[in-house]
Amino acid sequence: MNSTVAIHAEGLSKQYRIGSRRDSYSTLRETIMEAVQAPFKRASSLLRGEAYGAAGLKETIWALKDVSFEVSQGEVVGIIGRNGAGKSTLLKILSRITEPSEGFAEVRGRVGSLLEVGTGFHPELTGRENIYLNGAILGMHRYEIERKFDEMVAFAEVEKFIDTPVKHYSSGMYLRLAFAVAAHLEPEILLVDEVLAVGDIKFQEKCLGKMNEVATEGRTVLFVSHNMAAARQLCQTGIVLEHGRVAHQGTIDSAIAYYTQENNPVSTASFVDTRQVTNRSGIGGGRIVSVAFANGAGLPDTLFGIGEPFSVTMNIELEQSLDVSLEAGVEIRKLDGTQLVNLRSDSESTLFPLEGGEKQIAIRVHVAGLPLYPGIYVVEPWFCQRQGRRVDHVHNACFITMETRGVFASERFIQPNRGVLLANSRWEKAAFEPVDTAAASRVEAQ
Amino acid sequence: MGTIAEKQQGLAPADIPVRAAHTFVIRPTHGWVSLKLGEMWAYRELLYFLTWRDIKVRYKQTILGMIWAVIQPFMTMVVFSLFFGGLAGVPSDGVPYPVFSFAALVPWSFFATAMTQSSNSLVGAANLIKKVYFPRLVVPISSVVSPLVDFALAFAVLIGMIVFFSVVPTMTQIVWEPGTLEIGFVPAVSAIPITANVIWLPFFLALAFMTALAVGLWLSAMNVQFRDVHYMVPFLTQFWMFATPIAYPASLITNNIARMIYSLNPMVGVVEGFRWALLGTDTQPGPMIVVSTLAALALLIGGAFYFRRMEKTFADVV
């Protein structure tokens, strides 16, 4: 193994045994019969030496299959993938919590894992006592904990309550303390699983800042996240897992691009049939059956220049004729889910009354032009009854592409992922103002 | 050269061997695996903290607190003294029955608590096991160590009782005449001699510790897969108590071969040892203690290997 390699994994696989699906028992008699027979069945399979068979776990799944990769020392790697893709299993194997079923991994350096904050916290113990306990559980030595004790308490902002049992803490204080201990762990290799998804926004930002600090200290970090923005901010490279296999490996940008494309098969069609889309929300009673895009000239298109006008049309079918008015909206998001634009018909005081019991209606919005950076964006249409809750909202199904052309002249500096918004700007040379006089003149002006 | 290395280690406490950069290989294990006792040593601080937590938390939110550690064996002693010593007239090797039974109940309570706690320890620590790596052996061991505090308290009471029955040898005792319900006054038995045998006490305590840990290792590992263990332990404790000479003396068994078979129960050696060392009962427990020790060792070594073999499934199954 090369000396600069921190983790070398080859063919890692993990098989889990899961219970076979049972028939739902229709009668009480069957339920009781099954309950009586079960111990004998289990005992007999135990005698035959099937350890798991005894627990009724016969079917197996591969949570991880043939996963091979290398991580260099100091590399910050984002591991991304959908739920159940094997991300957590991979971290559990690397942190030695569970054994692989096949394959091997060589790990160089002390490993610290943060699969969950607050592991081993005891409600009856005080904040101080829990810091020591939790630190020891995470593998810190007592002198290490002592050295960083004040820092942890300050980070968690619980100075006043440090000698209070944590059962009296608010959930926010509890999480902050838990994260503070974990964040001060100083292993050579840090495995982090979704721990940033705790607390309020302000604290999440603080956590992200702390993780950033760790990442820039030259430690090797494996970071599992669903938060693409956080992953992009922290990581240099990325590994995409799909159904327990490595689907993509490369720079974090390429990994995120791969992941978002795989998970949102981007349709470039200007007419999208949304009837089969399962990712939708709303109270029901009607749905958006299709969405159409057109350019400023009214021609079907999904490729628009920056700042160029376009239109979105949603075709709606109601389950029964209603004598009400509809309102509609269109949200435009980045692929990682960040909402950028929220267009609403009610903000333009436009209503769509349903006349003569019609059950089908089309609503179109003309967008004058969006100053968005080049890239692919999600368009999510929704509609509701007047001032009511959303009837249908189609997520992650319709896309538009902003191309590197349009009203902004200098295309050279406008590249994907260098920003979110563009603005019209004018540049000129101004007169230099010394600090003192400038301050004085401003005060006078007031 | 060695001294330089040592000095450097002394200067940089952060670099104690475990923490130094090292490479380890993760691969599937099959069959029997080594005990990795070296790693256990590296994690001794965790053992300390888990034990400390157990002790700290056990009697939280109780009024009587640590007194509970004494109440349980003491009340059992009172009940035994009334029914077995008094009503049934069970012999007590020439020692006042209350001391006779309490000298056995103190190590027994330790054993019973330690065994019950360690059997449930892994399931109780499921959250830890699923989220953090550490040698799993730490969990049952710490739950056998923490009842030692209770033992110390109960033991102090036992010493008090021995002193009481020794210092006041002429005091009359109130006892039930065996087999009747009449209360009579009889002269107390003579003073309890303190002999040099007491130096053996730590050994007998260690034997009780080993036995509790051995059973705890087997049962906690099984409990992960089969929660039947949880329901089995109370019965086991009850039966085991009757198979141990607590309410009655082992000297009731006179056949030598029967005695040896009897002492395959390691707690027989522990209890007879305690009585021999503290109360000076002259029951020649030597051979029984040897048999008990061997039985405990076999149980412990088997348990440790069984535990390690099952360990890899803990995080997945618990």
Side-chain angles (χ1 to χ4, degrees), chain A residues 1 8-9 12-14 16-17 39 42 46 51-52 54-55 57 92-120 122-125 129-130 132-144 147 165 186-188 193, chain B residues 13-30 33 39 42-54 56-61 125-136 138-139 142 222 224-228 309-318:
Chain A
M1 189 159 99
H8 171 86
L12 280 184
S13 304
K14 177 77 183 177
Y16 277 113
R17 300 185 187 250
R42 288 194 204 129
L46 181 64
Y52 287 99
L57 305 174
K92 277 189 179 183
I93 289 174
L94 292 178
S95 52
R96 290 192 289 171
I97 291 166
T98 185
E99 266 188 8
S101 311
E102 286 169 15
F104 75 95
E106 268 182 272
V107 180
R108 186 182 291 254
R110 177 186 163 202
V111 175
S113 55
L114 271 185
L115 304 197
E116 192 178 271
V117 293
T119 312
H122 197 288
E124 293 283 356
L125 297 177
E129 290 165 343
N130 268 312
Y132 279 93
L133 179 65
N134 194 226
I137 287 169
L138 292 176
M140 286 160 124
H141 277 294
R142 205 199 305 218
Y143 58 80
E144 273 180 280
R147 188 155 47 84
E186 282 184 352
E188 283 129 12
D193 190 358
Chain B
D15 287 328
I16 71 164
V18 214
R19 296 299 153 91
H22 62 296
T23 304
F24 61 86
V25 176
I26 297 166
R27 59 169 77 249
T29 54
H30 299 285
V33 288
E39 199 183 40
Y43 275 84
R44 63 192 179 281
E45 269 189 16
L46 180 61
L47 178 62
Y48 166 81
F49 274 113
L50 287 181
T51 309
W52 170 82
R53 179 191 67 177
D54 274 3
K56 191 111 192 174
V57 165
R58 170 121 33 102
Y59 297 113
K60 278 265 164 111
Q61 223 169 12
N127 216 1
L128 275 190
I129 288 170
K130 282 195 268 191
K131 299 292 178 190
V132 191
Y133 171 80
F134 54 88
R136 309 310 190 194
V138 169
V139 175
S142 84
M222 288 179 184
V224 169
Q225 297 254 1
F226 314 105
R227 298 294 145 87
D228 309 49
R309 186 192 165 111
M310 300 307 284
E311 190 176 312
K312 62 177 173 180
T313 62
F314 290 169
D316 300 338
V317 182
V318 71

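Quick note on labels: first sequence line is chain A, next is B, and so on, each numbered from 1. Any value given below was found using the heavy atoms of this structure, including those in side chains, with hydrogens, waters and symmetry copies removed.
Interface remark: Phe24(B) contributes backbone and side-chain atoms alike to the contact with chain A (heavy atom separation under 4.5 Å). Heavy atoms closer than 4.5 Å to chain A are found in the side chain of Val57(B), but not in its backbone. Interface remark: Ser95(A) contributes backbone atoms only to the contact with chain B (heavy atom separation under 4.5 Å). The parts of Tyr132(A) that come within reach of chain B are both its backbone and its side chain, each placing non-hydrogen atoms under 4.5 angstrom from that chain. Only the side chain of Tyr48(B) comes within less than 4.5 Å of a heavy atom of chain A; its backbone N, CA, C and O stay farther away.
Between Trp52(B) and Phe49(B), the ring-plane angle classifies as perpendicular under the 30° and 60° cut-offs.
In this view, Lys60(B) satisfies the side chain to side chain donor-acceptor pair (under 3.5 Å) rule with no residue, not counting sequence neighbours. Listed by chain and residue number, Tyr133(B) satisfy the side chain to side chain donor-acceptor pair (under 3.5 Å) test with Glu39(B) (two or more places apart in sequence, or in another chain).
Panel note: side chain Glu106(A), backbone Thr23(B); no donor-acceptor pair is recorded below 3.5 Å.
Counting heavy-atom pairs closer than 4.5 Å to chain B, the top residue among Arg142(A), Glu186(A), Lys14(A), Glu102(A) is Arg142(A).
Residues Glu99(A) and Ile26(B) have side chains not in contact (no heavy-atom distance under 4.5 Å, counting atoms from C-beta outward).
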